[in-house]
Structures are given as C-alpha cells and as structure tokens.
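One structure is given here, and the rest of the page talks about it.
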Amino acid sequence: MGHMLGIFDSGFGGLTVLKPIHERLPEISTVYLGDNARAPYGIRTQEEIFQFTLEGVRFLFEKGCPLVILACNTASSQALRRIQQEVLPGEFPDRRVLGVIRPAVEYLAANSRRVGILATPATVTSEAYVHEFQKLNPEIVVSQVACPGLTDMIEKGQQDTAECHHLVTQFVQELLTQDPMIEQVLLACTHYPLVFLPFRKAVPGFMNVLTQGDLVAKSLKDYLLRHPEISHRLEKKSARTYFTTQDENISNLASMFYGSAIEFQKA
Ligand code: DGL
C-alpha cells in the first residue's frame, strides 16, 4: 500500500466527506476507516472518544498515511487537539491530523451573522463550534442543539423511517425556539447529510441548510497546495480502500450512502 490519505469516522458519516474529496482530488489514493462496531461516538465520554479516535488514527498511520482527516465532528471536537498536541510531536512528528470543524466555521464566519449548529451531544457539550466562532468573529450568534439518537438510526439504515423524520423535526423545532432568525443551519455531524432532505423540509425556507463535506474537501485542497511536503508524499493512483471494525458485511449500506458500489474489508 502506498502513502494514502487517511479518512476516519465513527462509522458511515465520513463517506459524506470522502465523496467530495474524491471529486475535488480524484488522483489521490485514499484509505477509509469506519469504527462502525463502536458507533455512535456522540454519546460517549471525552476519554472514550479520544482513545477510540487515537486507535483509528494509529491504524491509518500503520497503513502508511502521512495525513489523516477526522471526518467526524465528535472526534474533531473531543480528540483532535489532544492528538495534535500530546501524540504527534513525540511519536509521529512528520504526520498530520486535521478535523472538519475549522473549515465549516471559516465559511460560516465569512457568510453569516446568526448560525444554528445541529450536532451530536458530545460535539455540543465540547462547545468546540462556539469557541471557533469566538476566535474568528465573536459577533456571530451561535445556537446549538444536540441530536441524540440520530447517528444510531443512520448506522442501522433507518434514515427513511417516520420515526427518524419525526426526530429531525423535533430537533429543528428546538433550534428555532432558541433563535427563529438563524440564517444558516449547519448539519455539524458527518452522518446528517444522509438525512439532508428531512432536515431541509423541517427548516424554514429562508434559512440555508449546509453540509460540511465540500467545505472540508475544498479546504483540504488548499492545505495540500500550501504544504507540498505532505502533498508530495501522497500516492496519486486513485486507489481506494475501505476498512470497518464491524464484523458483519456493511458494504451494501455503505454503497447506498456513498452513491456507488464500494467494498469494505474488516480492519
Ligand atoms: N459522524 C460523526 C460526527 O460528525 C459521529 C457521529 C457519532 O458517532 O455519534 O459527529
């Protein structure tokens, strides 16, 4: 296996980031790891999320990845900084790990004054979005709602059920109660684009509903231009490999979420 770009998520959600990465950077070889066996992460403690994410990053490093994207808000908010500060300098000084929060906040901070964040309980509790907005533009009004149960349903393939749509509507109502004048609503969990349509239906028409996959892919492209020392190490053969920690075959559901056939192997 050459030096691939690594993509990590707790399960299927990272595929919604991987897809736009494949579209914007088609030549770069990628290896994906979904920790489906232990998803969802969003209801776990900070320590668990940190340990599980670190295991995932180590797995991808062992596969030779010079750069890993945490295509997961929960892992980005609860584990990214610790990995960057406590693990990389001592153990992997020439490897990099990036997250998905910063690219979304950069875009939103330049394009709106009132934003709504829908995310997992762990992401909301971490206040990672609130802090990032404060750094870039403290005047932006940020409302957040935690959406427990939603990732779980998506992991089980129940995203089209009435129960799931009902949950989505409830979470949106909660957000609108906090701030009825939001301009942009961010689906700040990489699983949620898989229920984009129910969200779009529940959010009032004048509010924009945003997913982060393409923002992350665009920002990755810029990053690679600014960091030729990383970019040069990435294999450009369009190879695509998919790993999961799950025992059962998840390829069918994954292919549906990715939009074309992909084959997962056990990590
Ligand atoms: N897709 C992930 C995120 O962006 C994690 C969801 C979960 O495992 O709870 O937050």
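Order of listing sets the numbers, starting from 1, for every ligand and every atom in it. In what follows, every heavy atom counts, from backbone to side chain, and hydrogens, waters and symmetry copies are set aside.
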E132 and K135 ion-paired at < 4.0 Å
yes

Distances only, to 0.1 Å: what are the N or O pairs between ligand 1 and the protein that fall under 3.5 Å?
from: ligand 1; atom 1: 1 (N); to: D9; atom 2: OD1; distance (Å): 3.2
from: ligand 1; atom 1: 1 (N); to: T190; atom 2: OG1; distance (Å): 2.9
from: ligand 1; atom 1: 1 (N); to: H191; atom 2: ND1; distance (Å): 2.6
from: ligand 1; atom 1: 4 (O); to: N73; atom 2: N; distance (Å): 2.8
from: ligand 1; atom 1: 4 (O); to: N73; atom 2: ND2; distance (Å): 3.1
from: ligand 1; atom 1: 4 (O); to: T190; atom 2: N; distance (Å): 2.7
from: ligand 1; atom 1: 4 (O); to: T190; atom 2: OG1; distance (Å): 3.3
from: ligand 1; atom 1: 8 (O); to: S10; atom 2: OG; distance (Å): 2.6
from: ligand 1; atom 1: 8 (O); to: Y41; atom 2: N; distance (Å): 2.7
from: ligand 1; atom 1: 9 (O); to: Y41; atom 2: N; distance (Å): 3.3
from: ligand 1; atom 1: 9 (O); to: G42; atom 2: N; distance (Å): 2.8
from: ligand 1; atom 1: 9 (O); to: T151; atom 2: OG1; distance (Å): 3.4
from: ligand 1; atom 1: 10 (O); to: N73; atom 2: N; distance (Å): 3.4
from: ligand 1; atom 1: 10 (O); to: T74; atom 2: N; distance (Å): 3.1
from: ligand 1; atom 1: 10 (O); to: T74; atom 2: OG1; distance (Å): 2.6

Has K19 got its NZ or CZ under 6.0 Å from the middle of the six-membered ring of Y258, at an angle within 45 degrees of the ring axis?
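Yes - K19 lies over the ring of Y258, closer than 6.0 Å to its centre and within 45° of its axis.
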
Pairs touching residues 84-141 that satisfy ring-ring contact (aromatic ring centres under 6.0 Å, His included), sequence neighbours left out:
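Qualifying pairs, neighbours excluded: F61-F92.
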
Qualifying residues under side chain to side chain contact (heavy atoms under 4.5 Å, CB included), relative to R81, sequence neighbours excluded:
Q85

Residues which pass side chain to side chain contact (heavy atoms under 4.5 Å, CB included) with T161, listed by chain and number, not counting sequence neighbours
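Once residues adjacent in sequence are excluded, the partners of T161 under the side chain to side chain contact (heavy atoms under 4.5 Å, CB included) criterion are M153, Q158, E163, C164.
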
Would you confirm whether the ring centroid of Y32 sits within less than 6.0 angstrom of the ring centroid of F8?
no

